[in-house]
Amino acid sequence: MDEISTWKWVVFILILFPYAWKIRVAKESFSLDFAKSMNQWDIILEILSDPYFIFYFVLPLWLFFSSQIIKQEWEYTVHIRLRNLTKWIIHTLICISPLLLVLHFFWIIISLLVTVGIPLEDSWSGNGSDINIPLNYLVQPFKDSGISPWAILIIQPVLLSLFFTLLHVIMATFFIIVPKKRAIAVMSIFLYTYSIVSFKLFSPDMLWGKLENYMILSFAYGAFNSIVTPFLVIIIVVIFCFLLVFLFQRSQFHIVKEFTAHHFPTISYILLCIIGIVTPIVRADFLTVWDRQYYQFFGVSEDGFSITVYFYYCIVFMGLVYLFRLYLTPLLDGLIYYQLIRYTSLYRWFFQLIGKMIVVVISFLLLLTSVTIIIGYLQGQSLDLQISVSQKVTLSHLGYHFFVNGFLQILNYVLIIFIVIWIYKEAIYSLIALGALIVAGLPMINVYKCLPSGLNSLGYVTGDFSELIHITVVLIIFLVVELVIIFYFFYKQKIAY
């Protein structure tokens with residue numbers, strides 16, 4: 001009762017009711033025959049299973065409140081009373097369970113209210129559930145399954161509740177291993193991002209990785225031809241999480257914990273890169289592994305860009321530069337003075353720093369290519385030395401642009417961030433610089449490809465080798481200018497630290 005009286009349910013009702021009514025109006029206006037044949041189940045089960053409402057409204061709210069409960073209950077007095085980490089997870093589940101119950105209570109009530117005036121029946125509608133149209137794709141799969149609509153009305157909320165329970169257990173487990181507020185925030189963002197990516201970008205063949213198959217009963221039945229499979233998978237993962245916590249409680253994972261806490265940004269970055277490579281960001285009909293690499297790191301082109309593709313480009317290449325920023329900031333905050341004793345001058349120190357970065361960049365580009373080839377081959381793409389998706393793009397042009405211009409582009413990013421951090425101590429300035437580089441890489445800004453940002457996008461490989469040479473020259477010129485600026489600072493011996 002305390003949960004029902006909270007303000008958030010007023011917002012929930014004000015959003016769900018018009019959304020549910022819109023679903024009813026859309027079905028009634030589709031055709032007269034369809035409107036006459038449907039009953040309340042065509043509306044109720046559509047509202048309870050609508051993927052867009054679940055993914056874009058309910059899921060982020062659940063992740064937010066779940067993370068709040070986890071942080072709120074992570075207290076010394078609670079641990080003394082429970083004396084066990086697995087009991088603590090169960091305790092947080094009990095704390096958040098009223099939210100889950102009230103959520104489904106209002107959801108079902110509104111679904112029933114929206115169907116006022118529609119024929120009430122105990123069975124599926126005569127024709128409405130048979131018509132295989134986009135407006136009925138969530139209800140139609142159950143007509144021939146032999147499952148009662150009353151059973152679906154119960155099983156769908158139970159499945160969604162169990163999946164939300166799984167998300168909470170995963171976040172609680174992660175928070176136990178890495179007990180930091182930013183860690184739970186990052187995990188929430190990661191889970192939500194993966195959910196949207198799996199929903200919008202994963203192909204139907206990747207049924208085990210598509211989270212809607214564990215949230216929405218009609219998708220689960222269509223993917224696994226069974227309503228039992230998603231329940232088993234969720235239960236197995238929950239048990240695994242509890243087992244992980246049990247082993248961690250036995251101090252078996254202290255080394256892993258220390259490593260994860262120390263290298264958390266790097267681990268998160270690597271996971272995002274791998275997820276992006278595994279996921280077909282633009283298209284899934286790759287014939288060769290080189291097709292995958294071409295589209296995976298397409299970035300931008302003269303004809304425009306896709307926000308999803310460019311977003312992944314920024315994660316991969318700007319993410320590496322962000323890790324460099326995390327490494328450089330504490331270095332300039334004090335350790336540099338000890339290193340200068342060893343290297344005796346700023347120039348020698350700088351060259352050894354850039355030398356390490358050059359090795360990292362080369363290894364990074366080779367690793368990206370290797371992982372892309374391996375994943376593409378495992379997913380059925382051939383190793384033929386050709387790019388089938390574009391007749392103009394040759395493998396030699398692709399290789400030159402990815403490795404040569406890619407190497408020069410990352411070095412430009414590194415030196416620009418180095419200059420900003422050298423001048424300004426506050427971290428906000430380097431973040432602003434990264435944001436400015438992201439904007440500068442857009443084709444409508446970098447029209448003549450004269451700014452050192454986004455130039456290693458494989459979308460610029462159009463078959464004209466002179467264009468690639470032009471990009472190389474631009475990047476080299478900017479590298480020289482950046483080095484001159486850095487050496488001038490060294491000459492003046494000005495540093496903000």
Side-chain angles (χ1 to χ4, degrees), residues 194 197-198 200-210 223 266-267 269-303 305-306 308-320 358-411 454-469 471-472 475:
Y194 178 79
V197 168
S198 71
K200 300 295 291 185
L201 300 178
F202 279 18
S203 65
D205 296 334
M206 304 174 66
L207 52 92
W208 296 101
K210 293 175 71 66
T266 304
I267 294 173
Y269 168 71
I270 292 173
L271 288 175
L272 288 174
C273 289
I274 293 175
I275 290 173
I277 294 175
V278 173
T279 306
I281 293 179
V282 181
R283 52 195 292 176
D285 55 339
F286 305 122
L287 296 179
T288 68
V289 295
W290 313 109
D291 295 341
R292 173 179 286 275
Q293 183 170 14
Y294 176 65
Y295 276 111
Q296 210 71 46
F297 306 105
F298 189 86
V300 299
S301 68
E302 294 179 349
D303 299 327
F305 70 103
S306 166
T308 307
V309 176
Y310 188 59
F311 179 69
Y312 180 67
Y313 167 89
C314 293
I315 288 177
V316 173
F317 296 102
M318 300 295 185
L320 182 65
I358 287 174
V359 174
V360 170
V361 172
I362 294 175
S363 304
F364 173 71
L365 294 175
L366 290 173
L367 187 61
L368 279 181
T369 302
S370 301
V371 173
T372 304
I373 292 173
I374 292 172
I375 292 176
Y377 182 74
L378 292 176
Q379 292 187 352
Q381 285 109 45
S382 71
L383 297 174
D384 295 342
L385 300 178
Q386 62 175 344
I387 301 175
S388 62
V389 293
S390 178
Q391 299 297 325
K392 296 180 180 180
V393 178
T394 64
L395 194 57
S396 59
H397 289 181
L398 182 74
Y400 175 85
H401 190 62
F402 185 79
F403 286 103
V404 177
N405 289 339
F407 172 77
L408 296 174
Q409 179 64 87
I410 296 175
L411 280 188
L455 295 182
N456 63 323
S457 300
L458 294 185
Y460 286 133
V461 183
T462 58
D464 186 359
F465 193 70
S466 61
E467 287 294 324
L468 303 184
I469 296 299
I471 291 174
T472 303
L475 292 174

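Just so it is clear, the values below take in all heavy atoms, side chains as well, and ignore hydrogens, waters and symmetry mates.
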- Test side-chain hydrogen bond (donor to acceptor under 3.5 Å, both in side chains) applied to S370 - qualifying residues, sequence neighbours left out: none

- Do any N or O atoms from the side chain of S382 and from the backbone of L287 form a donor-acceptor pair under 3.5 angstrom? yes

- Message: Can you list everything that forms a side-chain contact (heavy atoms from CB on, under 4.5 Å) with S301? Sequence neighbours excluded, please.
- Response: F298, D303

- Note on the structure: Those residues at least two apart in sequence (or on a different chain) that pass side-chain contact (heavy atoms from CB on, under 4.5 Å) with V371 are I277, L367, I375

- Quick one: are L320 and Y269 in side-chain contact, heavy atoms under 4.5 Å? yes

- Query: Excluding sequence neighbours, so at least two apart, what forms side-chain hydrogen bond (donor to acceptor under 3.5 Å, both in side chains) with S396?
  - Reply: T394

- Minimum side-chain heavy-atom gap I471-H401 below 4.5 Å: yes

- Taken in chain and number order and not counting sequence neighbours, the residues that satisfy side-chain hydrogen bond (donor to acceptor under 3.5 Å, both in side chains) with Q409 are none

- Between L458 and L398, is any pair of side-chain heavy atoms under 4.5 Å apart? yes

- Query: Taking side chain as C-beta onward, heavy atoms only, is E302 less than 4.5 Å from Y460?
  - Reply: yes

- With sequence neighbours excluded, tell me which residues meet side-chain contact (heavy atoms from CB on, under 4.5 Å) with K392. S390

- Go through the structure and list residues passing side-chain hydrogen bond (donor to acceptor under 3.5 Å, both in side chains) with Y313, not counting sequence neighbours. Y413, N456

- Query: What residues form a ring-ring contact (aromatic ring centres under 6.0 Å, His included) with F465, not counting sequence neighbours?
  - Reply: H397, Y400

- Tell me, do Y312 and L272 make a side-chain contact under 4.5 Å, heavy atoms counted? no

- Taken in chain and number order and not counting sequence neighbours, the residues that satisfy side-chain contact (heavy atoms from CB on, under 4.5 Å) with L365 are F317, V361, F402, F403, F407, I410

